[in-house]
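Below: one structure, written as structure tokens.
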Amino acid sequence: MTLLVNGKRQKGPACAQAFALRLLASVAIATLPFFTPTSTMAQTTQHRFNIAAQPLASALNAFGRQSGLQVTLAATTSQGVTSRSVSGLMSPQDALGQLLEGTGISYSISNGTAIIGIESGLNETGDEGHVLAPIVVQSQNIGQGDVAETVIGPDQLEQLNPISIADVFRQQAGVQVGSSLPMSQKVYVNGIEETNLAISIDGARQNNKVFHHNATTLIDPSILSAVDVDSGIAPADAGPGALAGSIRYETKKVSDLLEDGRSFGGLVTSTYDFNSRTTISGISGYGRKDRLDFLGYVTLGRGNEFDDGNGQRVEGTKTNLLSGLGKIGYEFESGDRIELSHDRIIDDAPRPYRANSGFVATPRPWEPRLRDYRLDRQNTVLTYTDETPEEWWDPKLLLAYGATDVTIPIYGATGRLYDDTGKTSSLNGKFENRFSFDFGNVVSGIDFYSDKAELDDPYEGGAEKAFNRGLYTQARLEPFDSTRLSIGGRVDRQRFTGVDGRSFNTTGLSGNVSGEYDLTDIITAKAGFSRISAGVPLTENFIINPKWDYGSDGPASVTSRNYMVGLSAQHDGFTAEASLFGTDISNARVPLYSLATGGALRQRDLRSRGFEIGLGYETASGYVKAKYVHIDVDVDGRPASSDSGNYLASPVGDIVTITAARTFDELNLTIGGDIEIAPEYDHVVENAAGVRTPYAAYTVVNAFAEWKPEKLNNITLRAEVRNLFNETYAQRATYGQEFGNVTPLLEAGRSFLIAARATF
């Protein structure tokens, strides 16, 4: 691609299209009858676009590379203008229209050239250019184009109709979610548990290591607009503690929901599950008046226990959930914008005594099979941005507070004794600025967090604290044709304070480098490496021991190394990709209550190795995709177990996912489904008798049909069947599958769901 500014040639990367491998070709031949494009689609070449909102000059540079077009831009046109984000498979005409929407800037595409900023409204051949109606332009923090990044966008989330966080990731072979209960689900990226990743909600750091039988980050998926996963290699601006990558959750915005030209709107959704007789309903109202915008969203879930594939009732799986999201924003005439958001979710119901397992046989007969759990997570974020940024001034200021409380009853031989409450909290913030150039951008900033883990126990309790200050820079550049680089680093200074009041200081340096190079117009090579220093992580609340001895130097700082190499290819809707990846974490902290086994100083080393292969074919009306991942994880040189998965890593093995969907425009109907195949996996720990119990194989099929009546275009109706063939299984990352005294928490058997969505 060549970018011309006032007729002068500028540097830019070449077009990256796709490569059809032999196996992909065979898949395509089999699926072509189902996905054959219409004659209209055949007249316009479709391209895969992924362009974040950014200053216009750099956005058009990315557009030219991804479309293969030459771009001519009037020099004064881009000054102080921010583009909209563009993501998906579409024609260059549609992509450029989305990118420039709301700017009032005209454009024209002819003879392989996109001409931007034609003041007269006529292009050089005399044809009329397109002038777009002004709308509010919103910036995005999702989809930075990092080398190990996966973005689950709003269209994909809508198609998934997720009820729990497991549904959000069910088409991602490299991301596993353990447990069938939302309040005890943990996310594993390349086999590594999420507390070893930098987790954020709307940019706010999450510190949710409360109880190893609970979820690490409970979140209502209905409030999400996008999810961004960096597997292994995370950029410096993802935040501190990104030992094995990052997960960024973004919640819905007014601009996501409010149709163009409208000032107010509303949304009502409801899903009914016949298996558990569960109803989950949501209602939302949102609007914009002058420079003020606001959003309110409430979700209520009520239902009974579900049946597994054998028709047996799974105890402790009732739904009793309340979730809410509120946002209010104001944009000044200067373009300065402030936004305050708050989200909260409460899960309060009887759960298995250990909520991430069906039953655990212990020598303590007084333990009931169920006990009441109350999990309350909330997050408040205040953000300042400049909605009219310039190339050298695109600031963001964020201040946030988040907390998670878990309350459980404690039992003894005489019955229920008292309640314990564990709480983790984080006060955190950052200030950063994006400096943009024609060949990329640089983000530089400072951040901090003040984290606390505390146990409120009438007899024993205490707290650990950590305060961290960080300085970071991440550059994303396109310095040469066909070349994209990302390089960054951060320095962190942490003060860790133990339950005995003693403090220990650590300083850590972290760095990452990754890049992509277009070997041909079809094939792209990519590689990356990171070395992360994360300081001392806080312990889990419910094992805090006020008698812990931290020694003279305190716990060692946790560090990691990550790498990946791969190839990707695209051509006429076909895609293929393959990658190798690895993560090594040293001194991962997994303390125990017992003083005799190391107590606060117990630390482990873990190693994850694997590869992933993906194939796909996509048109404007449908797609079919397949992914295969193989992951082996060892802890201290031995295969990981689900017990180590509490805060470190979980066995994964081989996972295959196949997804497909097709939209019939003439019927306003979309049908699709997905399959997860997990072969038997025997790289597992031996029991005391030296016997290995392999993880059982399973195959799960889900299907859906979604219809939008032509005369009621504000209504969407959906029918869905999950676990079509009534498989009896526990998801691969679920606790307890290799232990004889543990009954794992099984997934629901065949489940029929109906859903409705109405906007007004």
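The model shown is predicted, which means the values in this text are computed figures rather than measured ones.
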Report task. Could you walk me through whether Thr583 and Asn562 pass the side-chain hydrogen bond (donor to acceptor under 3.5 Å, both in side chains) test, one step at a time? Result -> CA-CA 4 Å; Thr583 294; Asn562 303 275; 2.6 Å; yes
**Report entry** Glu367/Arg354 under salt bridge (Lys or Arg N to Asp or Glu O under 4.0 Å): CA gap, chis, key distance, verdict
**Finding:** CA-CA 10 Å; Glu367 292 181 354; Arg354 292 163 179 80; 3.1 Å; yes
Report task. Could you go through the side-chain hydrogen bond (donor to acceptor under 3.5 Å, both in side chains) check for Tyr593 and Glu460 one step at a time? Result -> CA-CA 11 Å; Tyr593 180 84; Glu460 289 188 328; 2.4 Å; yes
Report task. Kindly determine whether Phe581 and Ile631 satisfy side chain to side chain contact (heavy atoms under 4.5 Å, CB included), including the steps that lead there. Result -> CA-CA 9 Å; Phe581 54 81; Ile631 303 171; 3.8 Å; yes
**Report entry** Intermediate values then yes/no, side-chain hydrogen bond (donor to acceptor under 3.5 Å, both in side chains), Thr150 and Gln172
**Finding:** CA-CA 9 Å; Thr150 299; Gln172 308 302 319; 4.7 Å; no
Query raised in the report: Under the side chain to side chain contact (heavy atoms under 4.5 Å, CB included) criterion, do Leu224 and Tyr249 qualify, and how do the steps go?
Result: CA-CA 7 Å; Leu224 295 176; Tyr249 297 102; 3.9 Å; yes
Requested in this report: Dump the intermediate steps for side-chain hydrogen bond (donor to acceptor under 3.5 Å, both in side chains) on Asp634 and His683, then the final yes or no.
Outcome: CA-CA 9 Å; Asp634 293 330; His683 184 72; 2.9 Å; yes
**Report entry** Derivation and outcome, side chain to side chain contact (heavy atoms under 4.5 Å, CB included), residues Ile163 and Arg722
**Finding:** CA-CA 12 Å; Ile163 294 174; Arg722 298 186 177 184; 3.9 Å; yes
**Report entry** Chi angles and distances behind the side chain to side chain contact (heavy atoms under 4.5 Å, CB included) call for Ile585, Val558
**Finding:** CA-CA 7 Å; Ile585 299 180; Val558 184; 3.7 Å; yes
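Looking at Phe542 and His212, their side chains never come closer than 4.5 Å, going by heavy atoms from C-beta outward. Pro591 is listed as a side-chain neighbour of Ile543, based on a closest heavy-atom distance under 4.5 Å. The closest side-chain heavy-atom distance from Val227 to Phe169 is below 4.5 Å. Between Gln171 and Thr657 the shortest side-chain heavy-atom distance does not fall below 4.5 Å. Two residues are said to be in side-chain contact when any heavy atoms from C-beta on lie closer than 4.5 Å; Asn161 and Phe704 fail this criterion. Two residues are said to be in side-chain contact when any heavy atoms from C-beta on lie closer than 4.5 Å; Pro537 and Tyr647 fail this criterion. Side-chain contact between Thr217 and Val187 is absent, with no heavy atoms from C-beta onward closer than 4.5 Å. With a 4.5 Å cut-off on side-chain heavy atoms, Val684 and Tyr695 count as touching.
The aromatic ring centres of Phe359 and Tyr353 sit 6.0 Å or more apart. Aromatic ring centroids of Phe274 and Phe752 lie 6.0 Å or more apart.
One finds the CZ atom of Arg369 at 5.0 Å from the CD atom of Glu315 (value rounded to the nearest 0.5 Å). Taking OG from Ser557 and CD from Gln494, the interatomic distance works out to 7.0 Å, rounded to the nearest 0.5 Å. Taking OG1 of Thr278 as the reference point, atom CG of Leu321 lies at 11.0 Å (rounded to 0.5 Å).
In Arg371, the CZ atom is crowded: over 12 heavy atoms of neighbouring residues, nucleotides or ligands sit closer than 6.0 Å. Atom CZ of Arg313 has more than 12 heavy atoms from other residues, nucleotides or ligands within 6.0 Å. Within 6.0 Å of atom NZ in Lys318, 12 or fewer heavy atoms from other residues, nucleotides or ligands are found, so the atom counts as exposed in its surroundings. With a 6.0 Å radius and a threshold of 12 heavy atoms from other residues, nucleotides or ligands, Asn741 has its CG atom above the threshold.
The backbone N or O of Leu538 sits less than 3.5 Å from a side-chain atom of Lys209, completing a donor-acceptor pair. Checking side-chain atoms of Glu727 against main-chain N and O of Gly309 turns up no donor-acceptor pair under 3.5 Å. Looking at Gln737, its side chain does come within 3.5 Å of a backbone N or O of Gln731 through a donor-acceptor pair. Between the side chain of Ser276 and the main chain of Gly303, no donor-acceptor pair closer than 3.5 Å is present. In this structure a side-chain-to-backbone donor-acceptor pair under 3.5 Å is present from Asp308 to Asn310. Remark: the backbone N or O of Gly736 is paired with a side-chain donor or acceptor of Ser642 at under 3.5 angstrom. Checked by atom type and distance alone, the side chain of Asn541 pairs as donor or acceptor with a backbone atom of Glu454 at under 3.5 Å. Listed for the Asp584 side chain is no donor-acceptor partner under 3.5 Å among the backbone atoms of Ser608. Judged by distance alone, with hydrogens and angles left aside, the side-chain atoms of Asp376 form no donor-acceptor pair with the main-chain N or O of Ile346 at under 3.5 Å. A donor-acceptor pair is defined here as one N or O able to donate and one able to accept, closer than 3.5 Å; such a pair exists between the side chain of Lys186 and the backbone of Asn214.
Closest non-hydrogen pair, Leu160 versus Val168, comes out as CD1-O, 3.5 Å. Ser270 approaches Thr279 most closely through the heavy-atom pair OG-CG2, 3.8 Å. Taking every heavy atom of both residues into account, Asn207 and Thr424 meet most closely at O-OG1, 2.5 Å. The minimum heavy-atom distance linking Ser560 with Leu243 is given by the pair OG-O, 2.7 Å. Nearest heavy atom pair, residue Pro352 against residue Ser357, reads CB-O, 3.1 Å. Looking at every heavy atom in both residues, Leu648 comes nearest to Val590 through CG-CG1, 3.5 Å.
Relative orientation of the Phe611 and Tyr628 rings is perpendicular, given thresholds of 30° and 60° on the angle between their planes. Between Tyr550 and Trp548, the ring planes lie perpendicular to each other; the angle is over 60°, past the 30° to 60° tilted range.
Looking only at atom types and distance, the side chain of Thr421 has no donor-acceptor partner in the side chain of Asp456 under 3.5 Å away. Under the 3.5 Å distance criterion, with hydrogens and angles disregarded, a donor-acceptor pair is assigned to the side chains of Asp451 and Ser426. Using modelled atom types, one finds no donor on one side chain facing an acceptor on the other under 3.5 Å when comparing Thr559 with Ser533.
Evaluated for a salt bridge (charged side-chain N to carboxylate O under 4.0 Å, His left out) with Arg377, the options Asp347, Asp220, Asp343 yield exactly one hit, Asp343.
The existence of a salt bridge linking Asp632 and Arg609 is excluded, since no basic side-chain nitrogen approaches an acidic carboxylate oxygen closer than 4.0 Å. Between Arg589 and Glu464 a salt bridge is recorded (basic side-chain N to carboxylate O distance below 4.0 Å). Salt-bridge formation is not detected for the pair Asp307/Arg750: no Lys NZ or Arg NE/NH1/NH2 atom is positioned less than 4.0 Å from an Asp or Glu carboxylate oxygen. A salt bridge is absent between Asp372 and Arg374; no separation between the charged side-chain nitrogens and carboxylate oxygens falls under 4.0 Å. Checked for salt-bridge contact, Arg248 and Glu250 miss the test: no charged N lies under 4.0 Å from a carboxylate O.
Annotation: cation-pi pair Arg205/Tyr449 present, NZ/CZ under 6.0 Å from the ring centroid and within 45° of its normal.
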